[in-house]
Amino acid sequence: MGKYHIVAVEIATEKSGLSEVPAHAPTAFEAAVLEKGTLLAEADQLAEAVAKADDFNRDAREQGARRFAVVVDRSAATARQCTPLTYRIVSIKRPKGWEPTGPFDLPERAAELVDLASLGAAEPFAPLDYTQALTVLGGLNRQSRDHQTQQWYVVVAREMAPAAEQTPAVEQTPVGESVGITRRVWYLLCPEKQDTIGRSGHAPMEPLA
């Protein structure tokens with residue numbers, strides 16, 4: 001069984017005021033709704049699951065079907081909605097001696113160069129979709145190469161719902177109540193290794209610790 005499930009759920013467009021099936025889910029779905037959704041496929045890698053969900057949603061929009069596919073992490077006790085992903089451009093310092101050959105190149109161990117603390121501190125930020133993120137990335141890095149700057153740009157993606165921390169499992173609030181600790185899950189895109197899974201395709205992603 002794959003860690004990620006691609007699940008199709010019904011969208012009540014008449015209630016949300018939408019005239020057509022949206023490109024992005026209008027809201028986060030409750031766990032109970034995800035549990036009742038139709039399982040379309042499974043995948044071990046998030047990028048593969050995202051590409052398959054995008055393929056389904058493209059067909060649904062073309063056919064006018066009021067269903068939307070999302071990727072669900074089933075490794076936890078409760079279904080956790082991972083998509084739609086939010087993409088963001090961040091800068092890293094170019095390693096000494098590293099010369100990119102193209103705008104989508106990444107230096108070795110690029111994930112270690114991303115400032116994790118800045119990801120949460122800079123919110124809220126304007127969300128980008130996958131295509132927009134790669135377009136902006138290409139433009140910025142072409143300028144960086146032309147002007148020989150020390151900055152290089154990468155794309156990071158954030159899952160929709162936060163994940164529960166494994167350790168510690170709970171923390172005490174000032175009134176003595178125990179609540180779960182959650183964290184945002186971020187990934188570094190590797191667009192130079194563009195995936196060809198499905199028509200939509202999606203670059204592989206490396207988790208950011």
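No hydrogens, no waters, no symmetry mates; every other heavy atom, side chains included, goes into these values.
- For the pair Glu48 and Lys52, the salt-bridge criterion is met [side-chain N within less than 4.0 Å of a carboxylate O].
- Leu189 and Pro191 make their closest contact through O-CD, 3.2 Å (heavy atoms, listed as atom of the first residue, atom of the second, distance).
- A donor-acceptor pair under 3.5 Å is formed between the side chain of Gln132 and the backbone N or O of Asp129.
- In this structure a side-chain-to-backbone donor-acceptor pair under 3.5 Å is present from Asp105 to Gly102.
- Between the side chain of Asn141 and the backbone N or O of Pro103 there is at least one donor-acceptor pair closer than 3.5 Å.
- Residues Leu34 and Val7 approach most closely at O-CG1, 3.7 Å, considering heavy atoms.
- In terms of heavy atoms, Ala111 sits closest to Glu206 at CB-OE2, 3.4 Å.
- The shortest distance between side-chain heavy atoms of Leu208 and Leu116 falls below 4.5 Å.
- Here the shortest heavy-atom pairing between Val9 and Gly37 reads CG1-CA, 4.2 Å.
- When all heavy atoms of Leu40 and Ala69 are compared, the closest pair comes out as CD1-CB, 3.9 Å.
- Within the 3.5 Å criterion, the main-chain N or O of Leu140 finds no donor-acceptor partner in the side chain of Ser144.
- Considering Asp54, Val72, Val71 in turn, Val71 is the only one that fulfils the side chain to side chain contact (heavy atoms under 4.5 Å, CB included) rule with Thr83.
- Between Arg74 and Glu35, at least one side-chain nitrogen of the basic residue sits less than 4.0 Å from a carboxylate oxygen of the acidic one, meeting the salt-bridge criterion.
- The backbone N or O of Arg158 lies less than 3.5 Å from no partner atom in the side chain of Thr86, so there is not a single donor-acceptor pair.
- Between Glu159 and Arg80, at least one side-chain N (NZ, or NE/NH1/NH2) sits under 4.0 Å from a carboxylate O, which counts as a salt bridge.
- Within 6.0 Å of atom CD in Gln148, more than 12 heavy atoms from other residues, nucleotides or ligands are found, so the atom counts as buried in its surroundings.
- Of all the heavy atoms in Ala133 and Tyr87, the pair that sits closest is CB-CB, 3.8 Å.
- For Glu99 and Arg94, the salt-bridge test passes: some basic side-chain N is under 4.0 Å from an acidic carboxylate O.
- Between the side chain of Tyr130 and the backbone N or O of Ala203 there is at least one donor-acceptor pair closer than 3.5 Å.
- Between the side chain of Gln63 and the backbone N or O of Ala65 there is no donor-acceptor pair closer than 3.5 Å.
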